[in-house]
Amino acid sequence: MNCLFCKIIEGSIPSTPVYQDELSYAFADIHPQAPVHVLVVPRQHIASMADCSEEDRALLGHLLWVAAKIARDKGLVKGYRAVLNTGEDGGQTVDHLHVHLVGGRPLAWPPG
Ligand code: 5GP
Ligand code: ZN
């Protein structure tokens, strides 16, 4: 499959690993928007949050748990943001489900 994040997971495109387990892989975003900007992706190819089925419920929870663990490990005690851009209006540019973990500076709201 011609998927950028599947290639990153299998190692044919290099990345900077942050965390990994049997279900997920987390790596540094190539264009960081904050001092901490990590992408947490499932090893299984799922195109987006909109493509999740009932059997993905536990996996979705796991990805958020991983984001929280990385935030703790990186010392983001003042807070952070976990974001799943979904589809065209959501600003998704890579069609492999991913959680952005962004932190290390104050973040504005609402988003653009
Ligand atoms: P999206 O726009 O789909 O929510 O997020 C895609 C993210 O993937 C962007 O933040 C972008 O910087 C990141 N990205 C795109 N290509 C690469 C790459 O080759 N390596 C890494 N580490 N991140 C990438
Ligand atoms: Zn993929």
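Read the numbers this way: they start at 1 and go in the same order the structure lists the ligands and their atoms. Values below: all heavy atoms of this structure, side chains included; hydrogens, waters and symmetry mates excluded.
The N/O atoms of Gly91, backbone and side chain alike, include one that comes under 3.5 Å of an N/O atom in ligand 1. The shortest N or O to N or O distance between His37 and ligand 1 is not below 3.5 Å. When only interatomic distances are considered, the shortest N/O to N/O separation between Phe27 and ligand 1 does not fall below 3.5 Å.
The closest non-hydrogen atom to atom 22 (N) of ligand 1, taken over Gly87, Ala28, Ser15, Pro32, comes from Ala28. Considering only non-hydrogen atoms, atom 7 (C) of ligand 1 lies nearest to Asp29 out of Asp29, Val94, Asp95.
Residue-ligand proximity, His31 to ligand 1, at heavy-atom distances under 4.0 Å covers atoms 12 (O). Counting atoms of ligand 1 from 1 in the listed order, those under 4.0 Å from a heavy atom of Gln92 are 3 (O). Taking a cut-off of under 4.0 Å to the non-hydrogen atoms of His100, the atoms of ligand 1 that pass are 1 (P), 4 (O), 5 (O), 7 (C), 10 (O). Counting atoms of ligand 1 from 1 in the listed order, those under 4.0 Å from a heavy atom of Asn85 are 4 (O). Near His98, meaning under 4.0 Å from one of its heavy atoms, ligand 1 places the atoms 1 (P), 3 (O), 4 (O), 5 (O), 6 (C). Interface of Phe5 with ligand 1, defined as ligand atoms under 4.0 Å from a residue heavy atom, comprises 8 (O).
No single ILVMFWY cluster, assembled from side-chain heavy atoms under 4.5 Å apart, contains both Ile9 and Val18. Both Trp65 and Val36 belong to a single network of hydrophobic side chains, linked directly or stepwise wherever heavy atoms of I, L, V, M, F, W or Y lie under 4.5 Å apart. In the hydrophobic clustering of this structure, Val99 groups with Leu59; members are Ile, Leu, Val, Met, Phe, Trp, Tyr whose side-chain heavy atoms approach within less than 4.5 Å, directly or through other members.
For atom 3 (O) of ligand 1, the closest non-hydrogen atom on the protein side is Thr93 N, 2.7 Å. Protein heavy atom at the shortest distance from atom 15 (C) of ligand 1 is Leu4 CD2, 4.0 Å. For atom 24 (C) of ligand 1, the nearest non-hydrogen atom of the protein is Ile30 CG2, 3.4 Å.
The distance from the CG atom of Asp95 to the SG atom of Cys6 is 11.0 Å, given to the nearest 0.5 Å. Here the CG atom belonging to Leu97 is positioned 11.0 Å from the CG atom belonging to Asn85, to the nearest 0.5 angstrom. With rounding to the nearest 0.5 angstrom, the CG atom of Leu63 is 15.0 Å from the OH atom of Tyr25. The CG atom of Leu4 lies 8.5 Å from the CD1 atom of Ile30; values are rounded to the nearest 0.5 Å.
Checking side-chain atoms of Gln92 against main-chain N and O of Ala47 turns up a donor-acceptor pair under 3.5 Å. In this structure, the side chain of Thr86 engages the main chain of Leu84 through a donor-acceptor pair within 3.5 Å. Looking at His96, its side chain does come within 3.5 Å of a backbone N or O of Pro42 through a donor-acceptor pair.
Taking 4.5 Å as the limit, some side-chain heavy atom of Trp109 sits within range of a side-chain heavy atom of Arg81.
With a cut-off of 2.8 Å, the protein N/O/S atoms near the Zn ion (ligand 2) add up to 4.
Exactly one of Val38, Val40, Leu39 qualifies for a side-chain contact (heavy atoms from CB on, under 4.5 Å) with Phe27. That residue is Leu39.
By the criterion of a heavy-atom distance under 4.0 Å, the side chain of Leu39, and not its backbone, is placed next to ligand 1.
Taking the six-membered ring where the residue is Trp, the centroids of His98 and His100 are separated by under 6.0 Å.
Residue contact check for ligand 1: Ile8 places a non-hydrogen atom closer than 4.0 Å to it.
Take Glu54 and apply the salt bridge (Lys or Arg N to Asp or Glu O under 4.0 Å) test, not counting sequence neighbours, and it matches Arg57.
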